[in-house]
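Inspection log for the structure reproduced underneath, given as structure tokens.
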Amino acid sequence: MSSIGAVEQTAGKGAARYAQRRRDRATGVGSNRRGGWVTYTILTVVLLISFYPIYYTFLLASSDAQTIAQNPIPSLIPEGNFIDNVTRVINSDIKFWQALWNSVIVAVITSISVVLFATLAGFSFAKLRFRGRRALLVFVIATMAVPTQLGVVPLFILMSNLGWTGKLVAVIVPGMVTAFGVFWMTQYFEETLPFELIEAARVDGCSMIRTFWHVALPAAKPAAAMLALFTFVASWTSFFWPFIVLGSTNPTLPVSLQLLQASYFKDFALIMAGVVLATIPLILLFIVAGKQLVSGIMAGAVKG
Amino acid sequence: MSVKSAPPKPQKAKADAERELARRTRRNAWDQKLSPYLYISPFFLLFALVGLFPLAYTAFVSVHDWNLIGGKGDFVGLENYQQVLQQPLFWKGLRNTFSIFLLSSVPQVLIGLFLAAMLDANLRAKTFWRMGVLLPYVVMPVAVGMIFNKIFADQSGMANALLAKVGIEPIAWHADVLASHIAIATMVDFRWTGYTTLILLAGMQAIPNDLYEAAVVDGAGRWRSFRSITIPSLKPTIIFVVITSTIGGLQIFDEPRVFNQTGNGGSDRQWMTVTMYLYELGWGAQKSFGRASAVAWILFIIILIIGAINFKITQRISGTDSKGGK
């Protein structure tokens, strides 16, 4: 890269870009290898594999049970029963609206809470000096690998003692903090927030909490937004614990979706309409924020 | 501060100001000292309460006679463990879990490496392709399970219809043990391969280009530089991917749970996993929290051991190709 840098200094940006491009063509390996038609073909096939099962679900959801039974491979053009099937899902006894609302509530509250507590802790770990800091941070990182799902039995006992079984709070509270979130925000603050900014605020007479609120929090926005996205997706798709503690009386979407299959198992048009309904919100989120998800995964991987 | 420029004040006011300043300094010192702990405490308190405590308490429940409805009974020592380990169903669950885990994670890492290498090229519309591989990640596992339950239906399923077109006999995706494991592994990989690919891609992009250029000078081909530069440099990333997929994979529940309408893991329990067995012990007919906890604790120890083995193996595999090259 150094020679390209030299070109940029002596001959300007355009020349540097040109030199870089020529070099890319010459080396042809690693990140600089230019994608040929083979690469594009493979990637197109992968894209179709990614997309087809989702489209397949929609095709079945717009069909009817008999057509589905007769044609294992659905025709690529959807039929006209989608609205009809969706209506049947909504009118079935899986409590669709309640489940949708529950999922939204749980996902929104846990996302806000995870971001708030992770940002607070991350700010403290990255920018404040205190005794035991290193040891506690190592502890946080170690707990990321702990399969907390295996604590379901005592967690269930705890929730029944509190009288929380069947209530959303039983799903919200265990989701309110994540070790990953703390680690993620700590990394971000360490890399981006200069100590000078905090000291400046302190010298100006800001208390710690005001420094956090007015300096750290605004600086954390990009990382916090990504953390919120991932927490939202994780909460929306989570099944095991809501299934155990909420049950069918007050379900979230995955729980009620599973009920749909359990009670109408031959009616695939109905089942797939339910799947489409449960998936649409995240597909919309993906269209709006898919780019952030991609860069979030890639940023987390480099650090982790 | 404004002390210097302030006009001369009466004696009392000055004393007041001094006291105020001292008070502020004291408060400031406390603020500085306590705030760091205050800010990390919500995480630690909540995590201890809903994460660590239940996991540790599982060991306590597992040595008691404990019923979902009746609550805590007598201390029974290791009896729950003995009973669980004597159940053929437990061993079947363990076999299924490992089989599904291997069938999903090995192809996932290999395909992920391949796709990451494809995406690592200098592409047009980079973000578009990256989003393309990630799309299945937003479909919830329960939905993935239900979709593939239909695709892999033994009768009138799409997978068999496609196989018939190329002259292959229909496969009993639900009835057959191995076939059902392959079907479930496919679901897992459908959702996670793109995610893994992006992690590996990030690792690949962090490899300095000079390494590749040096390899070209030395006459290495594309495959050779992939093996001798890319793979060894990706070592930490691959370890990360393998360890996270182990922790998740050995606890698999959602996809096999919805692979049929009853959620029992098949008529012969051919795809029932350990976590499904745990659920069945605790919340099924037995309602035995003691035994469910014993299963949880056994699985926890297995995950720890496999994690350690994984770490060793991955280190060795990706270490042999790189003699001194890091």
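Convention: sequence-line order gives letters A, B, ...; per-chain numbering from 1. Heavy-atom basis, side chains included; hydrogens, waters and symmetry copies ignored.
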Q.
Measuring from atom CE of Met140(B) to atom OG1 of Thr252(A), what distance do you get when rounded to the nearest 0.5 angstrom?
A. 8.0 Å

(Q) A side-chain contact here means heavy atoms from C-beta on lying under 4.5 Å apart; do Thr275(B) and Ile252(B) qualify? (A) no

Q: Please determine, among Ile54(A), Val152(A), Ile244(A), the option with the most heavy-atom pairs under 4.5 Å with chain B.
A: Ile244(A)

Q. Most heavy-atom pairs under 4.5 angstrom with chain B, which of Phe130(A), Phe117(A), Tyr264(A)?
A. Phe130(A)

Q) What part of Thr57(A) lies closer than 4.5 angstrom to a heavy atom of chain B: side chain, backbone, both or neither? A) side chain

Q. OG1 of Thr143(A) to CZ of Phe183(A): how many Å apart, nearest 0.5 Å?
A. 11.0 Å

Q | Atom pair CE/CZ of Met276(B) and Phe259(B) - distance to nearest 0.5 Å | A | 11.0 Å

Q. Heavy atoms, side chains only, cut-off 4.5 Å: are Phe243(A) and Tyr279(B) in contact?
A. yes

Q.
On a heavy-atom basis, which atom in Leu60(A) and which in Pro74(A) lie closest, and how many Å separate them?
A. CD1-CG, 3.8 Å

Q | Phe232(A) versus chain B, the contacting section by heavy-atom distance below 4.5 Å | A | neither

Q. Is chain A contacted by the side chain of Trp66(B), its backbone, both, or neither, given a heavy-atom distance below 4.5 Å?
A. side chain

Q: Among Phe128(B), Tyr57(B), Phe44(B), single out the residue with the greatest number of heavy-atom pairs under 4.5 Å to chain A.
A: Phe44(B)

Q | Interface moiety of Val233(A) toward chain B, non-hydrogen atoms closer than 4.5 Å | A | side chain

Q) So which part of Met208(A) gets closer than 4.5 Å to some heavy atom of chain B, the side chain, the backbone, both or neither? A) both

**Q.** Leu293(A) versus chain B, the contacting section by heavy-atom distance below 4.5 Å
**A.** both

**Q.** Option that, when pairs with chain B are counted at under 4.5 Å, heavy atom only, ranks first among Gly290(A), Pro174(A), Pro147(A)
**A.** Pro147(A)

Q | Donor-acceptor pair between Asn149(B) and Gln261(A) side chains, under 3.5 angstrom | A | yes

Q) Which distance, rounded to the nearest 0.5 Å, do you find between the CD1 of Ile238(B) and the CD1 of Ile199(B)? A) 12.0 Å

(Q) What part of Phe148(B) gets within 4.5 angstrom of chain A, counting heavy atoms only: side chain, backbone, both, or neither? (A) side chain

Q. Given side chains that start at C-beta, do those of Ile297(A) and Phe230(A) come closer than 4.5 Å, heavy atoms only?
A. yes

(Q) Set out, in order, the CA-CA distance, both residues' side-chain angles and the distance that settles side-chain contact (heavy atoms from CB on, under 4.5 Å) for Met131(B) and Phe286(A), then state yes or no. (A) CA-CA 9 Å; Met131(B) 279 176 70; Phe286(A) 185 79; 3.9 Å; yes

**Q.** Side chain / backbone / both / neither for Phe156(A) at chain B, heavy atoms under 4.5 Å
**A.** side chain

Q: Check whether more than 12 heavy atoms from other residues, nucleotides or ligands sit under 6.0 Å from atom CZ of Arg129(A), and answer yes or no.
A: yes

(Q) Heavy-atom cut-off 4.5 Å, strictly under: side chain, backbone, both or neither for Ser160(A) against chain B? (A) neither

Q.
Less than 4.5 Å to any heavy atom of chain A: does that hold for the side chain of Leu38(B), its backbone, both, or neither?
A. neither

Q) Can you tell me how far the CD1 atom of Ile229(B) sits from the CD1 atom of Ile207(B), to the nearest 0.5 Å? A) 8.0 Å

Q: With a 4.5 angstrom heavy-atom cut-off, could you sort out which part of Ile303(B) is near chain A: side chain, backbone, both or neither?
A: side chain

Q. Checking heavy atoms, do the side chain of Arg191(B), its backbone, both or neither come under 4.5 Å from chain A?
A. side chain

Q. Are Thr39(A) and Leu123(B) side-chain neighbours, meaning at least one heavy-atom pair lies under 4.5 Å?
A. yes

Q) Which of these passes side-chain contact (heavy atoms from CB on, under 4.5 Å) with Ile306(B): Leu250(B), Ile247(B), Ile301(B), Ile243(B)? A) Leu250(B)

Q | Within-4.5 Å side-chain heavy-atom neighbours: Leu299(B) and Leu278(B) | A | no

**Q.** Residue part contacting chain A, namely of Phe43(B), when any heavy atom lies under 4.5 Å
**A.** both

Q | Region of Gln32(B) that comes under 4.5 Å of a non-hydrogen atom in chain A | A | both

Q: Answer with side chain, backbone, both or neither: which region of Phe289(B) has an atom nearer than 4.5 Å to a non-hydrogen atom of chain A?
A: both

Q) By a 4.5 Å heavy-atom criterion (distance strictly below it), what part of Phe60(B) contacts chain A: side chain, backbone, both, or neither? A) neither

Q. Heavy atoms under 4.5 Å from chain B: which residues of residues 42-50 of chain A carry them?
A. Ile42(A), Leu43(A), Thr44(A), Val46(A), Leu47(A), Ile49(A), Ser50(A)

Q: Can you see which heavy atom on Leu200(B) is nearest to which on Ala116(B), and at what distance?
A: CB-CB, 4.0 Å

Q: Give, as side chain, backbone, both or neither, the part of Val133(B) having an atom under 4.5 angstrom from any heavy atom of chain A.
A: both

Q. Of the backbone (N, CA, C, O) and the side chain (C-beta and beyond), which part of Thr230(B) lies under 4.5 Å from a heavy atom of chain A, both, or neither?
A. neither

**Q.** Largest heavy-atom contact set with chain B, pairs under 4.5 Å, which of Ile271(A), Ile157(A), Asn71(A), Leu253(A)
**A.** Ile157(A)

Q: Determine the option with the most heavy-atom pairs under 4.5 angstrom with chain B, choosing from Met159(A), Arg131(A), Arg133(A), Lys127(A).
A: Arg131(A)

Q. Should we say atom NZ of Lys287(B) is surrounded by more than 12 heavy atoms from elsewhere, each under 6.0 Å from it?
A. yes

Q: Among Pro54(B), Ser35(B), Ala296(B), single out the residue with the greatest number of heavy-atom pairs under 4.5 Å to chain A.
A: Pro54(B)

Q: Under 4.5 Å heavy-atom distance to chain A, tell me which part of Leu68(B) shows up: side chain, backbone, both or neither.
A: side chain

Q.
Does any backbone or side-chain atom of Ala118(A) lie under 4.5 Å from a heavy atom of chain B? Answer side chain, backbone, both or neither.
A. neither

Q. Does any heavy atom of chain B fall under 4.5 Å from the side chain of Pro281(A), the backbone, both, or neither of them?
A. neither

**Q.** Gap between atom CD1 of Ile68(A) and atom NZ of Lys150(B) - 0.5 Å precision
**A.** 6.5 Å

Q.
For Lys126(B), which atoms come within 4.5 Å of any heavy atom of chain A: side chain, backbone, both, or neither?
A. neither

Q. So which part of Arg257(B) gets closer than 4.5 Å to some heavy atom of chain A, the side chain, the backbone, both or neither?
A. side chain

Q) Side chains of Met158(B) and Tyr56(A): does their closest heavy-atom pair fall under 4.5 Å? A) yes

**Q.** Heavy-atom proximity to chain B below 4.5 Å, by part of Phe240(A)
**A.** both

Q: Could you tell me how the ring of Phe300(B) sits relative to the ring of Trp297(B): parallel (under 30°), tilted (30 to 60°) or perpendicular (over 60°)?
A: tilted

**Q.** Residue pair Phe239(A) / Gln258(A), side-chain heavy-atom distance below 4.5 Å
**A.** yes

**Q.** Contact check, side chains of Thr197(B) and Arg130(B), non-hydrogen atoms, under 4.5 Å
**A.** no

(Q) I need the residue from Thr279(A), Val275(A), Val294(A), Thr148(A) with the largest number of non-hydrogen atom pairs under 4.5 Å to chain B. (A) Val294(A)

Q | Contacting moiety of Val173(A), where chain B heavy atoms sit under 4.5 Å | A | both

Q) Tell me, side chain or backbone of Leu128(A) under 4.5 Å from chain B's heavy atoms, or both, or neither? A) side chain

